[in-house]
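The structure appears right after this line, and notes come after that.
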Amino acid sequence: MSNQSSHDHRTAGRGESTDGQDANTLERYFPSIAKPIRVTSFWLAIVLPFFYVPLLVTGLSSGTETGIFLGLLVLNLGALYVGHSYRSEDEH
């Protein structure tokens, strides 16, 4: 029984989903540009939070600033979702 849970842990650590759907959807619909999209999304998810800092330091005093912050947050969540299964070439 512990053998099964360790297998699940190793699979999750490699970024593979248990049903295989999530990791292959982008490759199925956009096979030629899937890898660049994943790489860009991965790095975008890392960089976007730095843009939160100036907005939060000055405060979200206007509706525009709040909208920009929420837009960045949604964009960041989307980038995390798309880029989470990116693996560098040296891991293969």
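For this chain, numbers begin at 1 and follow the sequence in order.
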Non-hydrogen atoms of I46 and P49 that approach each other most closely: O-CD, 3.4 Å
Single-linkage hydrophobic cluster, 4.5 Å side-chain cutoff, L70 and L44 together: yes
Value rounded to 0.5 Å, distance of OG1 in T64 from CZ in F69: 15.0 Å
Nearest-0.5 Å distance, CD of residue E27 to CD1 of residue I33: 11.0 Å
Over 12 foreign heavy atoms within 6.0 Å of OH, Y52: yes
Connected via hydrophobic side-chain network under 4.5 Å: L75 and V53: no
Same apolar cluster (I L V M F W Y, side chains within < 4.5 Å links), L80/L73: no
Cluster check I68, V47: I/L/V/M/F/W/Y, side chain < 4.5 angstrom: yes
Side-chain donor or acceptor of R38 paired with backbone N/O of V82 under 3.5 Å: yes
Joint hydrophobic cluster, Y81 plus L72, side-chain heavy atoms closer than 4.5 Å: no
Evaluation steps, side-chain contact (heavy atoms from CB on, under 4.5 Å), between H84 and F42: CA-CA 6 Å; H84 83 278; F42 174 82; over 6 Å; no
Interatomic spacing from OG in S41 to CG in L26 - rounded to 0.5 Å: 8.0 Å
Y86 side, atom OH; T40 side, atom OG1 - distance, nearest 0.5 Å: 9.5 Å
Any donor-acceptor pair under 3.5 Å from N76 side chain to L48 backbone: no
